[in-house]
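First the structure, in the form of structure tokens, and then the observations on it.
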Protein chains: 2
Amino acid sequence: MTGTSNTQATLKVTTDAWEALFRAQVAVMRQITTMPEFAKLSLREYDVLFNLRHAPENETRLVDLNKHLLISQPSLSRMITRLEERGLVSRCTDPTDQRASRLKLTEAGLSMQQEIGRAHVKQLHLLLGEAMSEEEFIELQRLSTKLHNAVE
Amino acid sequence: MTGTSNTQATLKVTTDAWEALFRAQVAVMRQITTMPEFAKLSLREYDVLFNLRHAPENETRLVDLNKHLLISQPSLSRMITRLEERGLVSRCTDPTDQRASRLKLTEAGLSMQQEIGRAHVKQLHLLLGEAMSEEEFIELQRLSTKLHNAVE
DNA sequence: TGTTATTACATGCATACGCATATAAATTAG
DNA sequence: CTAATTTATATGCGTATGCATGTAATAACA
């Protein structure tokens with residue numbers, strides 16, 4: 001059909017899908033960041049709390065957390081200092097590796113994440129709930145996850 | 001089936017799809033930004049050139065360009081100043097509205113965008129080409145676009 | 001075991017960012 | 001037609017960011 005016989009999707013199809021996904025992400029994020037809840041915490045800070053929330057026992061090493069974010073390691077290090085000062089995250093040396101910092105959501109941090117998370121979800125639902133059918137959302141999730149797994 | 005009878009997808013399905021899309025975007029972007037091509041231009045700067053490239057006659061007003069980005073208007077204004085100094089973008093007052101700036105890709109800006117864009121596409125294909133079938137990529141693009149249109 | 005390499009995190013420094021606000025042009029109201 | 005309002009962009013200022021590098025602990029090697 002395409003003239004090539006390997007198993008790769010064509011350049012164009014791959015790129016078009018990525019650009020569409022990227023543009024959708026920007027558009028939705030633009031809407032979400034207008035929410036009053038994000039006055040309390042920047043998007044990047046929320047993302048840190050979100051990732052900690054989904055780590056086993058709400059705890060990770062700094063370097064592992066960093067792998068899920070777009071910011072640099074030094075930026076994350078300083079952001080954690082600020083979140084620590086605000087009582088949202090605690091930092092302690094890993095007993096099994098004296099180099100490493102173990103980060104953990106505090107009670108306050110957990111509450112904050114849940115509060116913003118709920119508002120976030122509500123807003124998303126309002127914004128997107130009628131955009132597509134239930135089946136389409138499920139398919140979008142499946143394909144996004146597949147893409148994600150491919151690059152990890 | 002769900003107990004509700006409206007046309008909205010459930011909270012969970014909507015949110016799960018969004019989170020999967022968001023995480024996929026972060027993961028792919030993390031890979032892309034390691035490319036040597038992004039030493040020349042930050043991701044945000046590339047995004048500006050990309051958007052100008054896709055505007056009619058490679059030209060837009062600052063405020064319209066800003067609508068497609070996550071950065072603030074003042075940040076964009078200063079970024080354009082820097083891109084102008086590097087000869088990649090030109091800025092002139094809109095003759096039909098003396099308040100507005102019309103931005104345009106220069107020849108150098110166009111070349112730069114194309115050069116990085118090509119490397120970008122190549123890397124994406126390498127990274128994602130085998131992740132999914134052609135049909136799945138097309139479906140991912142369709143669903144992402146649908147989501148995008150819903151929030152615009 | 002002593003030496004080198006690697007890994008984890010922090011810090012100095014220049015720059016980019018966002019918020020609040022200023023300026024100036026266009027639009028609307030009276 | 002003037003005054004008030006809105007829209008488009010720019011600027012001051014404090015803060016966050018990234019890059020290069022420093023420090024210290026672990027791992028690899030000879």
Side-chain angles (χ1 to χ4, degrees), chain A residues 26 29-49 51-52 55 59-86 88-104, chain B residues 26 29-49 51-52 55 59-86 88-104:
Chain A
V26 169
M29 202 51 95
R30 279 183 58 85
Q31 298 291 328
I32 287 175
T33 50
T34 64
M35 291 168 60
E37 284 75 15
F38 279 104
K40 296 182 176 182
L41 227 51
S42 79
L43 185 69
R44 287 169 156 180
E45 287 168 337
Y46 173 74
D47 203 25
V48 164
L49 297 198
N51 272 283
L52 277 173
E59 202 175 338
T60 349
R61 300 200 315 169
L62 198 143
V63 78
D64 293 326
L65 176 57
N66 195 220
K67 282 177 190 142
H68 301 123
L69 305 173
L70 286 171
I71 66 174
S72 68
Q73 175 270 313
S75 282
L76 178 58
S77 176
R78 282 188 256 240
M79 186 190 289
I80 295 295
T81 303
R82 294 191 300 272
L83 292 173
E84 211 180 355
E85 282 162 3
R86 292 172 66 179
L88 301 172
V89 170
S90 69
R91 164 157 47 183
C92 65
T93 304
D94 188 328
T96 71
D97 183 345
Q98 298 287 115
R99 294 169 303 178
S101 271
R102 293 206 66 79
L103 311 175
K104 192 167 167 51
Chain B
V26 169
M29 202 53 93
R30 278 184 58 85
Q31 297 291 330
I32 287 175
T33 50
T34 63
M35 290 168 59
E37 283 75 14
F38 279 104
K40 296 182 176 182
L41 228 50
S42 79
L43 186 69
R44 289 169 154 179
E45 288 169 336
Y46 174 73
D47 203 26
V48 164
L49 297 197
N51 271 282
L52 278 172
E59 202 174 339
T60 349
R61 301 201 316 170
L62 197 143
V63 79
D64 294 325
L65 175 58
N66 195 218
K67 282 176 191 141
H68 300 123
L69 306 173
L70 286 172
I71 64 175
S72 68
Q73 175 270 313
S75 282
L76 178 58
S77 177
R78 281 189 255 240
M79 187 190 288
I80 296 295
T81 304
R82 294 191 299 273
L83 292 173
E84 213 181 353
E85 282 163 2
R86 293 172 65 179
L88 301 172
V89 170
S90 69
R91 166 157 47 184
C92 66
T93 304
D94 187 329
T96 72
D97 183 346
Q98 298 288 116
R99 294 168 304 180
S101 271
R102 294 205 66 77
L103 310 175
K104 192 166 167 49

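Each chain gets a letter, A, B and so on, in the order the sequences are listed, and its residues count up from 1.
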Under the salt bridge (charged side-chain N to carboxylate O under 4.0 Å, His left out) test, residues paired with E37(B) that sit two or more places apart |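 With sequence neighbours excluded, E37(B) shows a salt bridge (charged side-chain N to carboxylate O under 4.0 Å, His left out) to no residue whatsoever.
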Could you state the interatomic distance from [atom1] ([X]) to [atom2] ([Y]), rounded to the nearest 0.5 Å?
X: E84(A); Y: L103(A); atom1: CD; atom2: CG; value: 8.5 Å
X: I32(A); Y: M29(A); atom1: CD1; atom2: CE; value: 5.5 Å
X: T33(A); Y: F38(A); atom1: OG1; atom2: CZ; value: 7.5 Å

Please output the side-chain donor-acceptor pairs of residues 59-66 of chain B that fall under 3.5 Å, not counting sequence neighbours, one pair per line with the distance.
| unit_1 | atom_1 | unit_2 | atom_2 | d |
| --- | --- | --- | --- | --- |
| E59(B) | OE2 | R102(B) | NE | 2.9 |
| D64(B) | OD1 | K67(B) | NZ | 3.1 |
| N66(B) | ND2 | I71(B) | O | 3.0 |

Under 4.0 Å protein heavy-atom contacts per nucleotide of nucleotides 10-19 of chain C, with B for base, S for backbone only and - for none = BBBB--SSBB
Protein heavy-atom contacts under 4.0 Å, written 5' to 3' over nucleotides 1-7 of chain C as B (base), S (sugar-phosphate only) or - (none), form the string ------B
Quantified as the angle between the terminal helix axes (five pairs each), what is the overall bend of the helix from dT1(C)-dA30(D) to dG30(C)-dC1(D) to 10 degrees?
->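 It comes to 30° between the two terminal axes.
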Results of side chain to side chain contact (heavy atoms under 4.5 Å, CB included) for R99(B) - residues two or more places apart only =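 Scan of R99(B) (side chain to side chain contact (heavy atoms under 4.5 Å, CB included), adjacent residues dropped) gives D97(B).
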Kindly indicate whether the side chain of L70(A), heavy atoms from C-beta on, has any atom under 4.5 Å from the side chain of R30(B).
->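 A side-chain contact under 4.5 Å exists here.
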Would you please test L88(B) and V48(B) for side-chain contact (heavy atoms from CB on, under 4.5 Å) and show each step?
-> CA-CA 11 Å; L88(B) 301 172; V48(B) 164; over 6 Å; no
Which comes earlier along DNA chain C counting from the 5' end, the contact point of Q98(B) or that of K67(A), where each point is its nearest nucleotide?
->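 It is K67(A), whose closest nucleotide lies nearer the 5' terminus.
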Partners passing side chain to side chain donor-acceptor pair (under 3.5 Å) against [X] (at least two apart in sequence or in another chain):
X: Q98(A); answer: none
X: T34(A); answer: none
X: K40(A); answer: E115(A)

Anything under 3.5 Å between a donor and an acceptor, one on a side chain of residues 74-83 of chain B, the other on a protein residue two or more places apart or in another chain? List them.
| unit_1 | atom_1 | unit_2 | atom_2 | d |
| --- | --- | --- | --- | --- |
| S75(B) | OG | S72(B) | OG | 3.2 |
| T81(B) | OG1 | S77(B) | O | 3.1 |
| T81(B) | OG1 | R91(B) | NH2 | 2.6 |

Please confirm whether the backbone N or O of L43(B) pairs with a side-chain atom of D47(B), one donor and one acceptor, at under 3.5 Å?
->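 No; judged by distance alone, with no hydrogens or angles, the pair does not exist.
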DNA chain D: 5'-most and 3'-most nucleotides touching chain B, 4.0 angstrom heavy-atom criterion =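 The contact span of chain B on DNA chain D goes from dT7(D) to dC13(D).
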For D94(A), report the nucleic acid contact type (base, sugar-phosphate, nothing); a contact means any heavy atom under 4.0 Å.
->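 No contact at all - D94(A) keeps every heavy atom at 4.0 Å or more from the nucleic acid.
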